[in-house]
Amino acid sequence: MIEFASLLGKLNWSALPQDPITAGGAATVVGGVLGVMALLTYFKRWKWLWKEWLTSLDAKKIGIMYIVVAAVMLIRAGTDALMMRTQQAVSVGANHGILDSNHFQQIFSAHGTIMIFFVGMGLMFGLINLIMPLQIGSRDVAFPFLNSISFWLFFVGVALVNLSLVVGSFSAAGWLAYPPLSELHYSPGVGVDYWIWSLEIAGIGSLLSGINFLTTIIKMRCKGMSLMKMPMFVWTVMGAMTLVIFAFPILTVTLTLLYLDRTFGMHFFTAGSGGNMMMYVNLIWAWGHPEVYILVLPAFGVFSEVVATFSRKRLFGYTSMVWATWAIVALSFSVWLHHFFTMGAGADVNSFFGIMTMIIAVPTGVKIFNWLFTMYRGRILFATPMRWFMGFVVLFTMGGIAGVLLGVPAIDFQLHNSLFLVAHFHTMIVSGVLFGYFAGVTYWFPKFAGFRLNERFGNYAFWCWFVGFILAFGPLYILGLMGATRRLDHYSASLGYQPLFIVAGIGAGIIAIGVTMQLLQIFVSIRGRHEARDTTGDPWNGRTLEWSTPSPVPFYNYAVTPEVDSRDPFWAVKQARAAGAAVEPPHYEAISLPKNSAIGLYIGIMSFMVGFGAIWHIVWLSAIGLFSIVFLILVRCNDDHTEHHISAKKLEQLDKKARAQGGYA
Amino acid sequence: MNKKLKIILPAVVIVGFLSVAVWYLRRTTIPILEPKGPVGLQERNLLLFALALSLFVIIPVFSLLFFIAWKYRESNESARYSPDFDHSRIIETIWWLIPSAMIGVLSVVAWNSSHSLDPYKALNSKTPQMTIQVVALDWKWLFIYPQQHIASVNLVQFPKDTPIDFQITSDSVMNSFWIPQLGGQIYSMPGMSGQLHLMASQYGSFNGLSANISGAGFSGMTFVARSSSEKDFVAWAHHASRSQNKLSLAAYNNLDRPSQNNPVAYYSSPKDNLYGTILAKYDGPGTSMSGMYTGGKTSMSGMGMQ
């Protein structure tokens with residue numbers, strides 16, 4: 001069972017692609033990496049990449065790297081989705097489509113894993129890094145170096161999932177890899193191990209981020225910003241990070257136990273020998289359900305900012321919103337069993353979890369009504385972020401109703417694991433999470449790039465996503481009612497599924513056009529950056545502190561740390577100035593900022609070795625990686641020169657220059 | 001494109017698309033909305049009731065959304081603008097109350113229906129219930145009829161209006177046993193016996209499937225559930241009992257080997273308590289908390305074997 005004896009463990013030539021589909025995937029990954037390297041060499045950008053990005057401890061730079069990686073992964077996992085939809089549109093009756101069942105299963109496992117961990121989480125951590133410190137008037141996060149480690153661990157997760165296309169294979173056991181299917185006996189390859197180690201390493205990164213951001217919010221708010229004066233985005237991040245801290249250790253432990261089963265013949269979750277697969281299902285969802293709220297809460301926060309700004313009005317029901325957020329945080333740990341009512345826990349247990357599930361709809365509904373009343377008596381500008389919001393309310397309300405239906409155990413017995421369920425959670429995650437972060441990226445883009453994104457292509461992208469979504473997932477609700485279960489790579493013609501799958505495939509194609517529009521939007525915006533330049537630092541007539549800085553935000557965020565005495569401090573300042581209040585000249589003081597450090601990146605590389613060694617049973621590689629991580633941490637702990645200082649005079653020069661270039665007066 | 005066309009064209013496309021969709025769906029069976037048994041019927045009615053109740057949320061949200069968005073658009077300068085209007089105790093109380101009321105009603109419904117439609121609960125009927133033991137294998141379904149001393153693969157037949165007590169386990173990975181037109185589904189798990197009570201109130205052949213990913217042959221793991229007259233069932237059982245294939249332990253082990261898209265097969269005289277033997281395979285040292293079958297009830301600590 002364990003072949004640790006060989007120097008390369010289980011690794012040999014047969015791990016390389018053996019068939020055209022895998023070879024195609026491998027060629028794309030290898031070609032992509034080589035292409036990027038060639039471009040960097042051609043434009044002589046290696047040093048720039050190293051100094052400005054890879055070793056940077058600036059939260060804004062790290063945030064942008066998260067978003068870039070998440071965008072690439074959106075394309076990767078979106079391609080997976082297109083392949084799945086193509087297969088399901090054609091694989092009927094005598095035709096078995098383009099993929100065999102094993103490939104199909106690897107693809108949907110990868111699709112789910114990547115979309116949740118590397119697209120959803122990536123966009124979320126990216127935006128938090130960019131916005132949260134600015135919104136609380138801070139120059140940085142609490143632990144800048146830890147932040148860099150978090151990013152690199154996230155990146156190692158991404159690297160391992162994609163490496164599985166080239167060396168070995170990915171898990172074919174679904175995105176949550178229920179045992180016994182994911183146990184060694186039924187999944188003897190390295191696929192499940194790739195899945196385990198990718199999430200194990202990325203998950204530790206997420207936990208560190210959770211600790212980092214929660215500490216930042218608690219300790220680093222500027223003078224005057226009491227909790228009840230925090231922007232709503234910060235509140236929702238605080239809720240989500242609290243969930244991260246409680247939920248992610250469960251994931252880490254569960255994955256470890258599964259790895260012990262697979263590698264050392266233990267029996268935590270095996271069928272027989274005392275193993276208990278139900279324990280795994282409970283544990284994975286005790287993490288998995290809060291995870292959904294981890295993703296969606298900060299997106300709710302984005303919408304709260306967007307709606308208030310574009311309605312030119314204060315957020316309605318701030319206190320209600322805070323309570324609703326924390327109600328969701330608390331309740332999200334009491335609903336996990338609704339993912340498996342059909343396990344047969346009994347009517348009392350099922351009813352309890354069903355009712356708790358429905359109760360979560362109350363604070364969520366309150367949030368929606370509050371957003372609507374923020375718009376009420378406002379002056380609403382329907383810029384792209386606001387369109388994403390409108391699309392979100394329409395889809396999310398309907399998806400939420402589907403969720404309430406699924407929350408009734410007796411209804412769930414008929415819809416569980418059907419395509420109705422698949423349609424439900426895609427509605428929630430695409431409209432709630434993706435639309436939210438798309439709105440956020442569009443809204444805050446000028447703050448970091450210095451120019452606005454093109455509105456016309458943003459509009460095209462929105463409509464493609466919206467219409468494509470309805471076409472792609474509307475049919476799945478009906479297919480679910482027709483008794484079609486998820487993850488089918490083939491079905492009989494007599495069931496009448498095919499026309500609906502074809503419509504769903506067309507919908508997926510339209511979403512792909514939407515993604516293309518988003519890429520074009522970035523391209524067109526960069527080309528037209530001079531016309532769309534944001535010279536004011538406040539392109540949307542914003543309300544919160546980040547809009548008081550010049551665009552793009554200087555590396556020190558605020559030359560002088562702001563002081564606030566109200567909820568929408570920048571709006572208040574603008575109102576006061578319009579009424580003739582004098583602008584006080586800033587009083588500059590020397591500041592310290594973290595120096596660049598490559599150790600986070602090195603720890604990432606070593607974690608990659610730990611993971612790769614664990615997947616292929618190459619003990620020495622994992623051991624070297626592990627010892628190096630400890631060594632690197634010791635090196636960092638003994639480095640007393642981790643900050644560089646900027647004198648008051650220098651800061652004054654920098655600030656005047658940044659503002660002369662366009663920042664607000 | 002002029003403004004009128006901009007509205008008319010999408011409207012025509014939407015109406016056209018919806019008409020085709022409605023036309024297609026009308027001539028297609030939608031099993032969950034067209035149940036053939038009392039359990040499926042109650043579950044369907046519950047679904048429709050909850051959906052109707054949800055209109056109390058959908059209608060206000062959608063009307064408010066589009067009305068407010070239209071009325072307070074930037075270009076409508078005649079609309080009132082109150083930039084500091086940010087709370088109202090009455091309005092917010094209503095927000096908390098409307099969804100709470102809806103969820104309150106639904107909670108009562110959820111509690112009652114969870115109990116009345118508990119898959120472990122026997123159905124009310126004058127006809128005595130029939131036990132069928134279901135074993136999920138890689139990748140086919142084995143049905144054992146302990147009363148008739150027969151077994152079948154990928155086809156389960158039973159008389160109409162007879163309550164069926166499906167006892168469900170797996171000799172492989174986790175699957176989910178589902179006959180959409182009859183209602184419900186329950187996981188099949190190795191070493192554990194689940195239970196699902198169903199009944200057909202009409203004659204017919206219904207599709208059955210596994211609703212939980214189980215490996216390579218998952219998509220082909222379908223079966224037919226046939227509801228027939230008592231007479232036909234007796235004839236069918238008699239036919240099966242004369243099968244040359246006897247389901248000895250050796251024959252079972254042979255059947256247990258992974259195979260895909262299996263044709264229907266019949267077995268006579270299955271080994272005594274084969275179902276119990278299959279459950280016991282997973283009853284290794286240190287087994288606990290396995291929720292095993294203890295005569296109608298699950299027990300989270302029991303080691304009971306039927």
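Any value given below was found using the heavy atoms of this structure, including those in side chains, with hydrogens, waters and symmetry copies removed. Numbers restart at 1 for each chain; the letters A, B, ... are given by sequence-line order, proteins then strands.
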Original post:
In terms of heavy-atom pairs under 4.5 Å, which option from A:G407, A:A324, A:S311, A:P179 contacts chain B the most?
Top reply: A:A324
**OP:** Specify which of A:V394, A:N102, A:V404 makes the most heavy-atom pairs with chain B at under 4.5 Å.
**Re:** A:V394
Subject >> Per-residue contact mode, A:D568 against chain B (heavy atom under 4.5 angstrom) >> reply: neither
Original post:
Heavy-atom distance under 4.5 Å to chain B: side chain of A:L315, backbone, both or neither?
Top reply: backbone
**OP:** Could you look at B:F17 and say if it's the side chain, the backbone, both or neither that has a heavy atom under 4.5 Å from chain A?
**Re:** side chain
Original post:
Among B:I179, B:V39, B:L47, B:T28, which has the most heavy-atom pairs under 4.5 Å with chain A?
Top reply: B:L47
Original post:
Checking heavy atoms, do the side chain of B:L53, its backbone, both or neither come under 4.5 Å from chain A?
Top reply: neither
Original post:
What do you reckon, is NE2 of B:H115 surrounded by more than 12 foreign heavy atoms closer than 6.0 Å?
Top reply: yes
Original post:
What part of A:Q414 gets closer than 4.5 Å to chain B, counting heavy atoms only: side chain, backbone, both or neither?
Top reply: both
Original post:
Among A:S182, A:S101, A:S494, A:G483, which residue forms the greatest number of heavy-atom pairs with chain B at distances under 4.5 Å?
Top reply: A:G483
Subject >> Atom pair CG (B:L48) and CD1 (A:I411), whose distance is rounded to the nearest 0.5 Å >> reply: 8.5 Å
Original post:
Without hydrogens or angle criteria, can the side chains of A:H416 and B:N212 be said to hold a donor-acceptor pair below 3.5 Å?
Top reply: no
Subject >> Any side-chain heavy-atom pair of A:I355 and B:W111 under 4.5 Å >> reply: yes
**OP:** Check each atom of B:S88 against the heavy atoms of chain A and say whether the ones under 4.5 Å are side chain, backbone, both or neither.
**Re:** both
Original post:
For B:S214, is it the side chain, the backbone, both, or neither that has a heavy atom closer than 4.5 Å to a heavy atom of chain A?
Top reply: backbone
Original post:
If you measure from CE on B:M174 to CZ on A:F340, what distance do you get to the nearest 0.5 Å?
Top reply: 9.0 Å
Original post:
Would you say the side chains of A:D489 and B:S219 form a donor-acceptor pair under 3.5 Å?
Top reply: yes
**OP:** Name the region of A:A173, side chain, backbone, both or neither, that has any atom closer than 4.5 Å to a heavy atom of chain B.
**Re:** backbone
**OP:** Measure distances from B:N112 to the heavy atoms of chain A and classify the residue's part below 4.5 Å as side chain, backbone, both or neither.
**Re:** neither
Original post:
Which region of A:T270, side chain (C-beta onward) or backbone (N, CA, C, O), has a non-hydrogen atom less than 4.5 Å from a non-hydrogen atom of chain B, or is it both or neither?
Top reply: neither
**OP:** Answer with side chain, backbone, both or neither: which region of A:F420 has an atom nearer than 4.5 Å to a non-hydrogen atom of chain B?
**Re:** neither
Original post:
Do B:H87 and A:R314 touch side chain to side chain, with heavy atoms closer than 4.5 Å?
Top reply: no
**OP:** Give, as side chain, backbone, both or neither, the part of B:L117 having an atom under 4.5 angstrom from any heavy atom of chain A.
**Re:** both
**OP:** Return the set of residues passing ring pair (Phe, Tyr, Trp, His ring centres under 6.0 Å) with A:F369 (not counting sequence neighbours), or none when no residue passes.
**Re:** B:W95
**OP:** Can you tell which part of B:S116 gets under 4.5 Å to a heavy atom of chain A, answering side chain, backbone, both or neither?
**Re:** neither
Original post:
For the atom pair CE (A:M375) and CG (B:L65), what is the distance rounded to the nearest 0.5 Å?
Top reply: 5.5 Å
**OP:** State whether a side-chain donor-acceptor pair under 3.5 Å links A:S320 with B:W96.
**Re:** yes
Subject >> Shortest non-hydrogen separation from B:E77 to A:R379 and the atoms involved >> reply: O-NH2, 3.2 Å
Subject >> Region of B:F66 in contact with chain A, defined by heavy-atom distances below 4.5 Å >> reply: side chain
Original post:
Can you say whether A:V281 sits under 4.5 Å from chain B via the side chain, the backbone, both, or neither, judging by heavy atoms?
Top reply: side chain
Original post:
For A:L481, is it the side chain, the backbone, both or neither that has a heavy atom under 4.5 Å from a heavy atom of chain B?
Top reply: both
Subject >> Structural part of A:D100 lying under 4.5 Å from a heavy atom of chain B >> reply: neither
Original post:
Of all heavy-atom pairs between B:A50 and A:L405, which one has the smallest distance, and what is that distance?
Top reply: CB-CD2, 3.2 Å
Original post:
Got A:M343 and B:M189 here, is their nearest side-chain heavy-atom distance under 4.5 Å?
Top reply: yes
**OP:** May I ask you to check whether A:F316 and B:F85 place their ring centres under 6.0 Å from each other?
**Re:** yes
Subject >> Nearest heavy atoms of B:A110 and A:S351, plus distance in Å >> reply: O-OG, 4.3 Å
**OP:** Dump the intermediate steps for ring-ring contact (aromatic ring centres under 6.0 Å, His included) on B:Y72 and A:Y376, then the final yes or no.
**Re:** CA-CA 7 Å; B:Y72 296 99; A:Y376 176 74; 5.4 Å; yes
Subject >> Shortest non-hydrogen contact between B:E43 and A:F413, atoms and distance >> reply: OE2-CB, 3.8 Å
Subject >> Considering all heavy atoms, the nearest A:F382-B:R73 contact >> reply: CE1-CB, 4.2 Å
Subject >> A:W571 versus chain B, the contacting section by heavy-atom distance below 4.5 Å >> reply: side chain
Original post:
Is a side-chain N or O of B:Y24 found less than 3.5 angstrom from the main chain of A:L500, in a donor-acceptor match?
Top reply: no
Subject >> Atom group of B:S100 that falls short of 4.5 Å from chain A, counting heavy atoms >> reply: both
**OP:** Under 4.5 Å heavy-atom distance to chain B, tell me which part of A:P475 shows up: side chain, backbone, both or neither.
**Re:** neither
Original post:
Where on B:W178 is there a heavy atom nearer than 4.5 Å to chain A: the side chain, the backbone, both, or neither?
Top reply: side chain
**OP:** Under 4.5 Å heavy-atom distance to chain A, tell me which part of B:D118 shows up: side chain, backbone, both or neither.
**Re:** side chain
Original post:
chain A heavy atoms under 4.5 Å from B:I91: which part of the residue, side chain, backbone, both or neither?
Top reply: side chain
Original post:
Are more than 12 heavy atoms from other residues, nucleotides or ligands located less than 6.0 Å from atom CH2 of A:W463?
Top reply: no
**OP:** Against chain A, label B:I103 side chain, backbone, both or neither, depending on which of its atoms sit under 4.5 Å from a heavy atom there.
**Re:** side chain
Original post:
What part of B:Q185 is in contact with chain A, defined as an atom under 4.5 angstrom from a non-hydrogen atom: side chain, backbone, both or neither?
Top reply: both
Original post:
Taking all non-hydrogen atoms of both residues, which atom of A:A410 and which atom of B:L46 are closest, and how far apart?
Top reply: CB-CD2, 3.5 Å
Original post:
Relative to chain B, which segment of A:L471 carries a heavy atom at a distance below 4.5 Å: side chain, backbone, both, or neither?
Top reply: side chain
